[in-house]
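Ligands are counted one by one from 1 in listed order, and the atoms in each one are counted from 1 as well.
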Amino acid sequence: MKKTLWIRLKQYEDRSYPIVIGTLLLPSLAKELRRRPLAHSYALISDSTVMRLYGKNLLSLMQEQGLRVKAISFPAGEANKNRRTKARLEDRMLKLGFGRDSCIIALGGGVTGDLAGYVAATYQRGIPFIQIPTTLLAMVDASVGGKTGIDLPAGKNLLGAFYQPKRVYISLDTLDTLAERQFLSGLAEVIKSAIIRDQAFFSYLEKNYRGILSRDKRVLGTIVKKSCAIKAAVVEADEYEEDLRRILNYGHTIGHALEAAGAYRIPHGFAVSLGMALEGKLACELGFFPKAHLERQNRLLKKLGLPVSSRGLRKKVRPETLLDMMKSDKKVRAGRIEFVLPLRIGKMKKVRDQVGIPVPEEILQKILIRALK
Ligand SMILES: NC(=O)c1ccc[n+]([C@@H]2O[C@H](COP(=O)([O-])OP(=O)(O)OC[C@H]3O[C@@H](n4cnc5c(N)ncnc54)[C@H](O)[C@@H]3O)[C@@H](O)[C@H]2O)c1
Ligand SMILES: [Zn+2]
């Protein structure tokens, strides 16, 4: 005898969340949490640097509002986005008595957001969390969209969960203390957003590059808002990366391989910038991305202090190594290296209504050899 029972699950709950962008938001955030609490108690998680710069202040602002909050920090750096740090944070939370009625506040860069978000996704089967990004990269990319996770020795972000935050607060003044390289690295993702979706935004970046580089708050407000809106629209259309969401990986297939080959000594955005220069070239070579658009892309990258020539990597990185890395990347589908490639500035190419473009290995090889030899 065989009998089948069904458990019928539907997602009724609305998981929409606000992204609040402004300056000096931390005091208003503390007040808002008192007015509209998300939990009985809060675990404020930051890396050591951000805890010193902003975490202590947020902690006292929240305490002044009578909120139950405890701070937990971990050593800064990508090297700590791992299982060991996750376990330590969880043990600490247990020890401090955080239960299912608590909420995590991830205050910091993408490392903090990914790590604390992943703790939130699994702690006692999942508790709510808030993102307060403090690097440009985290503001325009990592804090929005619900990807959380940690690195394994075998590769980046190999363990994780799709888990959306309840709220995102972006306080632009926190960018004042950010190191120049970190800031420029975030700009690569801003330019990426414009290329994949919005040609008018690309023109805005071209016109306002001085304001961007001098970190003019009004200009920063615009570029953060625009980039978040682009990411939000893409994530709304394809939360679990079945197809469209992959366009956010423009420049990242080669970029990730460059990062790994350079043992993560190149900042992420610099690798993405080089990746966009090479993947743009690939799209040109395949005959659909006009050369004038490639040149326009590269000009803006250079104006904003980002690299477009891989010559500096000659001798350090071999084209064959990059190819092997791309083949083992989790973005490879059915054994073929697929890329997301621009059709023109502001629009990505589709083939049979899919954004993944399989690329013949010989063409890719040719471009890598030319770039690195
Ligand atoms: N989840 C996603 O969708 C997504 C998207 C893109 C990137 N990421 C991840 O994000 C990570 C990179 O993020 P990141 O570049 O923000 O790195 P990060 O979090 O390590 O921050 C970089 C450095 O800046 C310091 N810092 C942070 N805010 C500061 C501030 N306001 N002033 C001074 N110093 C400050 C940090 O202490 C750290 O040393 C990677 O692990 C990447 O995989 C995730
Ligand atoms: Zn990126």
For ligand 1, which atoms have a heavy atom of Tyr54 less than 4.0 angstrom away?
31 (N)

Given Leu107, Thr174, Asp114, Val144, which one has a non-hydrogen atom that is nearest to atom 31 (N) of ligand 1?
Thr174

Indicate yes or no: does Lys366 engage Glu285 in a salt bridge with an N to O separation below 4.0 Å.
yes

Part of Ala76 within contact of ligand 1 (heavy atoms, under 4.0 Å)
side chain

Report yes or no: does His268 have a heavy atom closer than 4.0 Å to ligand 1?
no

Whether Arg35 and Glu32 form a salt bridge (side-chain N of Lys/Arg under 4.0 Å from carboxylate O of Asp/Glu) is what I want to check.
no

With atoms numbered from 1 as shown, which atoms in ligand 1 lie under 4.0 angstrom from a non-hydrogen atom of Leu53?
32 (N), 33 (C)

Got the closest protein heavy atom to atom 15 (O) of ligand 1, with its distance?
Gln182 OE1, 3.4 Å

Say you draw a straight line from CD1 of Ile254 to CG of Leu364; how long is it, rounded to the nearest 0.5 Å?
5.5 Å

Below 4.0 angstrom, N of the basic side chain to O of the carboxylate: do Asp151 and Lys81 qualify?
yes

Among all the protein's non-hydrogen atoms, which is closest to atom 18 (P) of ligand 1, and how far away is it?
Val111 CG2, 3.8 Å

Is it the case that ligand 1 has an N or O less than 3.5 angstrom from some N or O of Glu189?
no

Test item: protein heavy atom less than 4.0 Å from atom 36 (C) of ligand 1
yes

So, for Phe129 and Cys103, which heavy atoms are closest and what is the spacing to 0.1 Å?
CA-SG, 4.1 Å

Which of the atoms of ligand 1 are close to Asp141, meaning less than 4.0 Å from one of its heavy atoms?
5 (C), 6 (C)

Ignoring angles and geometry beyond distance, decide whether Glu78 reaches within less than 3.5 Å of ligand 1 through its nitrogen or oxygen atoms.
yes

Look at atom CZ of Arg370 and say whether more than 12 heavy atoms of other residues, nucleotides or ligands are closer to it than 6.0 Å.
yes

I would like to know whether Glu241 and Lys147 meet salt bridge (charged side-chain N to carboxylate O under 4.0 Å, His left out); could you show each step before the answer?
CA-CA 10 Å; Glu241 200 165 311; Lys147 280 192 184 177; 2.5 Å; yes

For the residue pair Ser193 and Ile230, what are the closest heavy atoms and their distance?
O-CD1, 3.6 Å

Specify the closest pair of heavy atoms between Gly110 and Ala142, including all atoms of both residues, with the distance to one decimal.
CA-CB, 3.9 Å

Any ion pair linking Glu90 and Lys86 (charged N to carboxylate O, less than 4.0 Å)?
yes

Determine whether more than 12 heavy atoms belonging to other residues, nucleotides or ligands lie under 6.0 Å from atom CZ of Arg92.
no

Ion pair present between Lys192 and Asp141, side-chain N to carboxylate O less than 4.0 angstrom?
yes

Among non-hydrogen protein atoms, atom 2 (C) of ligand 1 lies closest to Ala142 CA, 3.6 Å

If you count the atoms of ligand 1 from 1 in the order shown, which ones are under 4.0 Å from a heavy atom of Lys156?
40 (C), 41 (O), 42 (C), 43 (O)

Among all protein non-hydrogen atoms, which one is nearest to atom 21 (O) of ligand 1, and what is the separation to 0.1 Å?
Thr135 CG2, 3.7 Å

Please determine whether any non-hydrogen atom of Lys231 lies less than 4.0 Å from an atom of ligand 1.
yes

May I ask you to check if ligand 1 and Gly110 share an N or O to N or O distance below 3.5 Å?
yes

Report the angle formed at the Zn ion (ligand 2) by atom OE2 of Glu189 and atom NE2 of His268, rounding to the nearest 10°.
90°

Short list, please: which atoms of ligand 1 are under 4.0 Å from a heavy atom of Thr49?
37 (O)

Using salt bridge (Lys or Arg N to Asp or Glu O under 4.0 Å) as the criterion, point out the one residue from Lys231, Arg15, Arg245 that pairs with Glu239.
Arg15

N/O/S from Asp141 sitting under 2.8 Å away from the Zn ion (ligand 2):
no

Region of Leu178 that comes within reach of ligand 1 [heavy atoms, distance under 4.0 Å]
both

Where's the contact between Thr148 and ligand 1, heavy-atom distance under 4.0 Å: side chain, backbone, both or neither?
neither

Which one holds for Leu175 and ligand 1: side chain close, backbone close, both close, or neither close, with close meaning a heavy atom under 4.0 Å?
neither

With heavy atoms under 4.0 Å as the rule, classify the contact between Leu137 and ligand 1 as side chain, backbone, both or neither.
side chain

Please write down residue, atom name and distance for the protein heavy atom closest to atom 30 (C) of ligand 1.
Thr177 OG1, 3.5 Å

For a side chain to side chain donor-acceptor pair (under 3.5 Å) with Lys217, tell me which candidate from Thr23, Thr222, Asp176 qualifies.
Asp176

Is the closest N or O pair between Thr134 and ligand 1 shorter than 3.5 Å?
yes

At a 4.0 Å threshold, what atoms of ligand 1 neighbour a non-hydrogen atom of Lys81?
40 (C), 41 (O), 42 (C), 43 (O)

Heavy-atom side-chain contact between Ile357 and Glu338 under 4.5 Å
no

Other residues, nucleotides and ligands only: do more than 12 of their heavy atoms fall within 6.0 Å of NZ on Lys347?
no

Which residue supplies the protein heavy atom nearest to atom 26 (N) of ligand 1, what is that atom called, and how far is it?
Val50 CG2, 3.8 Å

Can you name the atoms of ligand 1, numbered from 1 with element, that are less than 4.0 Å from a heavy atom of Asn157?
43 (O)

Thinking salt bridges, do Glu64 and Arg34 make one under a 4.0 Å N-O criterion?
no

Contact atoms of ligand 1, heavy-atom distance to Asp47 under 4.0 Å:
36 (C), 37 (O), 38 (C)

